[in-house]
Amino acid sequence: GNADGTGAAARFMAPRYVTSNGFTALYISDSGGKKIRVFNQGNVTTAVGTGVCGYDDGVVGASRLHWPQGLAAAVKLGVTEQTLYFVEGKADTIRQLLVNQGTVSTLSGNPAMCTADCGCADPAGGYGEGISSQAKWNSPFDIAYDAKSGSLFVSDGDNHVIRRIQ
């Protein structure tokens with residue numbers, strides 16, 4: 001199943017990765033459900049994703065995800081804005097959710113064209129350094145945030161490297 005709710009009423013399709021926001025919430029990439037979910041004090045809600053496969057940036061209620069995987073929450077002392085970074089491995093991108101603003105955007109990579117039936121053409125895959133959409137990824141898998149440097153570290157699966165986003 002795939003349902004928000006409290007306790008046993010909450011259902012996931014294929015939960016894969018979990019990260020904490022450093023306070024009371026856990027973020028869970030529900031890859032099979034095409035959503036990122038939030039577990040907070042016994043209650044599960046949807047942070048982003050409609051449950052329909054695709055790839056759209058914008059407001060959280062309309063943004064579609066393809067196959068969210070690794071997650072990293074940026075927690076900075078004294079900063080109220082929370083940012084959740086996540087990888088879309090099959091779409092070859094790194095995305096960010098600005099939690100307080102309720103928006104999702106592509107941080108790095110040029111997304112493969114993904115359709116509602118979960119098919120993705122992969123013209124974007126490869127290796128390329130660059131800023132934002134100029135960077136090329138090949139099945140990024142997981143991500144970590146280093147608070148000291150403010151950098152993201154990404155396992156770029158099919159390129160067999162760990163890459164840094166500053």
Side-chain angles (χ1 to χ4, degrees), residues 14-23 25-39 46-50 53-114 118 120-166:
R16 298 287 190 236
Y17 297 85
V18 178
T19 194
S20 170
N21 73 349
F23 302 103
L26 296 175
Y27 290 98
I28 304 148
S29 63
D30 190 359
S31 300
K34 316 303 183 247
K35 296 179 178 183
I36 293 177
R37 316 285 289 287
V38 182
F39 176 81
T46 298
V48 64
T50 63
C53 198
Y55 195 101
D56 297 307
D57 287 339
V59 296
V60 295
S63 296
R64 293 183 301 159
L65 309 181
H66 183 264
W67 192 264
Q69 291 178 289
L71 306 164
V75 178
K76 298 177 185 176
L77 294 176
V79 177
T80 57
E81 177 63 48
Q82 294 182 37
T83 304
L84 180 71
Y85 299 98
F86 60 100
V87 297
E88 289 263 36
K90 294 180 181 182
D92 296 323
T93 57
I94 313 304
R95 297 176 81 183
Q96 65 182 357
L97 165 61
L98 299 178
V99 177
N100 298 14
Q101 293 180 18
T103 60
V104 176
S105 61
T106 301
L107 178 68
S108 182
N110 189 2
M113 297 306 295
C114 300
C118 275
C120 273
D122 196 11
Y127 183 89
E129 298 293 334
I131 297 170
S132 190
S133 64
Q134 296 172 351
K136 291 188 182 227
W137 302 87
N138 198 355
S139 298
F141 191 76
D142 204 1
I143 190 167
Y145 175 75
D146 178 57
K148 185 174 181 180
S149 69
S151 296
L152 294 167
F153 293 89
V154 181
S155 60
D156 192 358
D158 287 348
N159 283 322
H160 311 286
V161 296
I162 305 298
R163 295 172 65 184
R164 180 180 183 179
I165 300 174
Q166 296 181 344

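Quick note: numbers below take in every heavy atom, side chains included, and nothing from hydrogens, waters or symmetry partners. We count residues from 1, following the sequence as given.
Residues Arg64 and Asp56 are paired through a salt bridge, judged by an N-O separation under 4.0 Å between the basic side chain and the carboxylate. A salt bridge links Arg95 with Asp57: the closest approach of a Lys/Arg side-chain nitrogen to an acidic carboxylate oxygen falls below 4.0 angstrom.
Side-chain atoms of Ser29 come within 3.5 Å of backbone atoms of Tyr17 as a donor-acceptor pair (strictly under, hydrogens ignored). A donor-acceptor pair is defined here as one N or O able to donate and one able to accept, closer than 3.5 Å; no such pair exists between the side chain of Asp156 and the backbone of Ile162. Within the 3.5 Å criterion, the main-chain N or O of Val99 finds no donor-acceptor partner in the side chain of Gln82. Ser20 places a side-chain N or O within donor-acceptor distance of the main-chain N or O of Gly22, the cut-off being under 3.5 Å. At least one donor-acceptor pair closer than 3.5 Å links the side chain of Ser63 to the backbone N or O of Gly58. Using modelled atom types, one side-chain atom of Glu88 and one backbone atom of Trp67 make a donor-acceptor pair closer than 3.5 Å.
Annotation: the span from Glu129 atom CD to Ser108 atom OG amounts to 9.0 Å, rounded to 0.5 Å.
Of the candidates Leu97, Leu98, Ile36, Val104 forms a side chain to side chain contact (heavy atoms under 4.5 Å, CB included) with just one, namely Leu97. Partner of Trp137 under the side chain to side chain contact (heavy atoms under 4.5 Å, CB included) criterion, out of Val154, Asp158, Asn159, Thr93: Val154 alone.
Residues Phe86 and Thr19 fail the side-chain proximity criterion, which asks for heavy atoms closer than 4.5 Å.
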For the pair Ser105 and Gln96, evaluate side-chain hydrogen bond (donor to acceptor under 3.5 Å, both in side chains) and give the outcome as yes or no after the intermediate values. CA-CA 6 Å; Ser105 61; Gln96 65 182 357; 3.2 Å; yes
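The aromatic rings of Tyr85 and Tyr145 lie parallel to each other, their planes meeting at an angle below 30°, with 60° marking the opposite boundary.
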